[in-house]
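Right, one structure below, let's go through it.
In what follows, residues are counted from 1 in the order of the sequence shown.
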Amino acid sequence: MATSLGDFALALDEIEKISGIEVTDESTSRSKRYKLKADDRMELASKVNGILDAKRIKYSSKVVAGSSFPSTIMAINGQKIKQAVIQFKPGKKKAANAITTAMQEKASTFVFERVLKDNVTWPSVQAMMEDKTTMDGIKNVYPSVEYEWMEVFWKQHVKMFKEFSNSQWHIFDHSGSGSFMDYITNVIVQKFGISKKDNWDPADMWLIRGSIKSITDVIDATIDGPKGSQTIEELNTVMRSMYQQRKLVGVSLKKVSGKQAKWEEFNVKELTLSEMDDYNFPDIETKISLTEDMTQDSVVKLTKKGKGYKFQIKGNNSTGFSNLKWEATQIGAGAARGGKAQVDMVVALLNDAGKRFDKANGSYPKTREEYVQRKNEFESMFDRIRTKVDTGISNKDEFSKNIEGTFLDRPHVANSKLIQLAFLDAVYSISPKKKQEEVWTDIVFLAIKKGNKFGPFGKLY
């Protein structure tokens, strides 16, 4: 049923009074078109549709060209104007933090429970959003959920249904008192002395068949005894068995960046030598920006026949002095991160290769004056790597000039660059070259948590 232009104008007047929105009129001679922008466009769309409902104006929600988010569309009873369209645009994105990430993980966990326990699926994102039980559950754990994350949850559910709908699941575990997550975290930290659970197994949630106690009883029996009497490999063996039997499956959640979610399993079987060889990357490209306007990171690409991983090496803190982190991205996986390599393990790899690398930022100059006193030391490092690494400059004089200049306005960046330089110098001094490749491969394994020393999990990305 079409609405009159007058009734639409009255509704629009109320819509424009919604606080915190930006309205752009893009009307033509044949249609009324408005773009509304807000930080939370899902909440905005709900308010707009609520106003239309109160005025008994009929509308439909439909994705139109130029946006993946459903627009509100009304038929208009006018001489020339036949349609009114309201599009919803996102405002300024909020930076992700640990609290937001936890809410996203809990929302994914709830959606998986709806799919794999309640046997509910949706043909589209819109259908998922129109499912009140599902939306109430998502907003209960993620009140400010954005539309782009609804798309992620929908893509995730399609893949999870395909992978696990044939198995029976009773518990969808994320965190909290009495959770399996808390239990296994305590086991890893207290029994095996690993500083963070994610350094062993990056699962963000767990699919469990049976009870939590039935799982923990098996693990307790495996690791029973004084600390140090069992190995992490023994725990991994029993957890691999439970994974293969579909009793306990850890899921590492990454933001889906492609048209479809992907699923990849790690450490479900012990690695063979042949499988390990698949992760040897003979083609290595390294770039450390040492130009006048140097970036904060170094980038290493490790590939074989075009496939592999890209490492970003940079400080843990982008605004102050900090130690380095090694973060991997699978080439061809969009924005999905592969994970971070534990720093102490990277240092241990170099030590095993006979090379010393000091990870502490306090061991490197933090002022221009401190650098000048050790100038020859770092210029020698530059000379050793400059033919092996893309630095953006040609000689040690230019290198020192740029480092000294950076110490004047961004001392934490200059400090980080010297740590990165020392790391690359250590790696590229390893001989023979085949050993260098093995070290890079091991760093990949550390980042993506692949190998017999890591727990079994599936990555959804």
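- Under a 4.0 Å N-O distance rule, the pair Glu438/Lys435 qualifies as a salt bridge.
- At a cut-off of 3.5 Å, with distance as the only test, a side-chain donor of Gln156 or Ser108 sits close to an acceptor on the other residue.
- Using modelled atom types and a 3.5 Å distance limit, the side chains of Thr133 and Asp136 yield no donor-acceptor pair.
- Taking the side-chain hydrogen bond (donor to acceptor under 3.5 Å, both in side chains) definition, one finds that Lys375 meets it with nothing, sequence neighbours left out.
- Under 3.5 Å, the side chains of Glu404 and Ser400 contain no donor-acceptor pair of N or O atoms.
- Side chain of Lys417 to main chain of Asp297: a donor-acceptor pair is present (N/O by atom type, distance under 3.5 Å, no hydrogens or angles).
- Under the 30°/60° scheme for interplanar angles, the aromatic rings of Phe407 and Tyr371 are found to be tilted.
- Judged by distance alone, the side chains of Tyr428 and Gln436 never bring a donor and an acceptor atom under 3.5 Å apart.
- Salt-bridge check for Lys47 with Glu43: passed, with a basic side-chain N closer than 4.0 Å to an acidic carboxylate O.
- The backbone N or O of His170 sits less than 3.5 Å from a side-chain atom of Lys117, completing a donor-acceptor pair.
- Under the 3.5 Å distance criterion, the side-chain polar atoms of Lys449 are left unmatched by any main-chain donor or acceptor of Gly339.
- Arg209 places a side-chain N or O within donor-acceptor distance of the main-chain N or O of Arg246, the cut-off being under 3.5 Å.
- Closest non-hydrogen pair, Ser144 versus Met103, comes out as OG-CE, 4.5 Å.
- Between the side chain of Trp440 and the main chain of Val427, no donor-acceptor pair closer than 3.5 Å is present.
- Relative ring orientation between Phe164 and Trp169 is described as perpendicular, the plane-to-plane angle rising above 60° on a 0-90° scale split at 30° and 60°.
- Using a 4.5 Å cut-off on side-chain heavy atoms (C-beta onward), Ile419 and Asn361 make contact.
- Side-chain contact between Leu248 and Met239 is present, with heavy atoms from C-beta onward closer than 4.5 Å.
- Judged by distance alone, with hydrogens and angles left aside, the side-chain atoms of Tyr147 form a donor-acceptor pair with the main-chain N or O of Ser68 at under 3.5 Å.
- When the salt bridge (Lys or Arg N to Asp or Glu O under 4.0 Å) test is applied to Asp344, the partners found at least two apart in sequence or on another chain are Lys359.
- Asp352 meets the salt bridge (Lys or Arg N to Asp or Glu O under 4.0 Å) test with no other residue; sequence neighbours excluded.
- Judged purely by atom type and a 3.5 angstrom limit, Asn267 uses its side chain to pair as donor or acceptor with the backbone of Gly455.
- By the 4.5 Å heavy-atom criterion applied to side chains, Asp390 and Glu285 are not counted as neighbours.
- Between Tyr279 and Phe445, the distance from one ring center to the other falls under 6.0 angstrom.
- Listed by chain and residue number, Trp149 satisfy the ring-ring contact (aromatic ring centres under 6.0 Å, His included) test with Phe153 (two or more places apart in sequence, or in another chain).
- Between the side chains of Tyr364 and Ser416, no donor-acceptor pair is found at a separation under 3.5 Å.
- Between the side chain of Arg114 and the backbone N or O of Val120 there is no donor-acceptor pair closer than 3.5 Å.
- The CZ atom of Phe457 sits 5.0 Å away from the CZ atom of Phe266 when rounded to the nearest 0.5 Å.
- Among the candidates Glu148, Glu151, Glu105, the single residue satisfying the salt bridge (Lys or Arg N to Asp or Glu O under 4.0 Å) test with Lys255 is Glu148.
- Between the Gln420 side chain and the Gln296 main chain, a donor and an acceptor come within less than 3.5 Å of each other.
- Thr329 and Gln312 share no side-chain donor-acceptor pair at under 3.5 Å.
- Using modelled atom types and a 3.5 Å distance limit, the side chains of Asn140 and Lys106 yield no donor-acceptor pair.
- Contact annotation: the side chain of Asp442 never approaches that of Leu446 to less than 4.5 Å [non-hydrogen atoms, C-beta and beyond].
- Taking CD1 of Ile313 as the start and OG1 of Thr286 as the end, the distance is 7.5 Å to the nearest 0.5 Å.
- In this structure a side-chain-to-backbone donor-acceptor pair under 3.5 Å is present from Gln245 to Ser241.
- Residues forming a salt bridge (Lys or Arg N to Asp or Glu O under 4.0 Å) with Glu377 (at least two apart in sequence, or on another chain): Arg374.
- In this pair, Tyr183 and Phe180 present their aromatic rings tilted. The plane angle is within the 30 to 60° band.
- In this structure, Phe172 has its ring center no closer than 6.0 Å to that of Phe112.
- Scored by the salt bridge (Lys or Arg N to Asp or Glu O under 4.0 Å) test, Lys213 finds Asp217 as partners (sequence neighbours excluded).
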